[in-house]
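Worksheet for the structure shown next.
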Amino acid sequence: MAKPTPNRKQRTPRRHKVSFLLNDKELQVLDKYCKRYNIQNRSRIIREALMKTILRRYENDSPTLFD
């Protein structure tokens with residue numbers, strides 16, 4: 001088994017499946033975006049966009065010391 005290189009993050013296995021439905025227009029937009037930017041892995045782009053949105057909201061909702 002190959003050792004991970006020091007610069008590479010160690011991957012955690014994905015064990016939990018989440019699915020959702022898109023309407024025709026949403027799927028058309030997603031397909032057009034993926035084609036335009038040569039995205040091969042739609043799951044990755046959706047997962048990254050979702051997690052960025054969630055983390056940004058958590059950051060904005062967290063209490064700050066000097067508000």
Side-chain angles (χ1 to χ4, degrees):
M1 186 152 95
K3 292 182 182 179
T5 59
N7 295 336
R8 206 167 157 198
K9 293 180 182 177
Q10 191 173 16
R11 295 182 182 174
T12 56
R14 293 190 178 89
R15 296 185 184 124
H16 307 283
K17 182 177 181 176
V18 176
S19 62
F20 60 95
L21 300 174
L22 300 174
N23 64 30
D24 293 338
K25 188 71 171 177
E26 292 166 337
L27 181 62
Q28 183 182 11
V29 169
L30 178 62
D31 288 340
K32 188 174 182 179
Y33 180 86
C34 290
K35 185 176 180 181
R36 181 175 185 175
Y37 294 104
N38 196 25
I39 294 169
Q40 305 280 324
N41 189 339
R42 289 192 316 187
S43 295
R44 181 178 177 186
I45 193 75
I46 293 168
R47 186 174 50 250
E48 287 176 355
L50 175 65
M51 294 311 296
K52 282 180 186 178
T53 302
I54 290 171
L55 292 174
R56 188 176 307 123
R57 180 164 290 180
Y58 269 141
E59 185 177 297
N60 291 339
D61 289 349
S62 65
T64 57
L65 186 58
F66 301 106
D67 247 357

State yes or no: do F20 and L27 share one hydrophobic cluster built from I, L, V, M, F, W and Y residues joined by side-chain heavy-atom distances below 4.5 Å, directly or via other members?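 Yes, F20 and L27 fall within the same hydrophobic cluster.
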
How long is the span from the [atom1] atom in [X] to the [atom2] atom in [Y], to the nearest 0.5 Å?
X   : Y   : atom1 : atom2 : value
E26 : D24 : CD    : CG    : 9.5 Å
I45 : Y37 : CD1   : OH    : 10.5 Å
E48 : N41 : CD    : CG    : 8.5 Å
L22 : I46 : CG    : CD1   : 6.5 Å

Taking atom CZ of R47 as the centre, does the number of heavy atoms from other residues, nucleotides or ligands within less than 6.0 Å exceed 12?
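Buried by this count: over 12 neighbours within 6.0 Å.
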
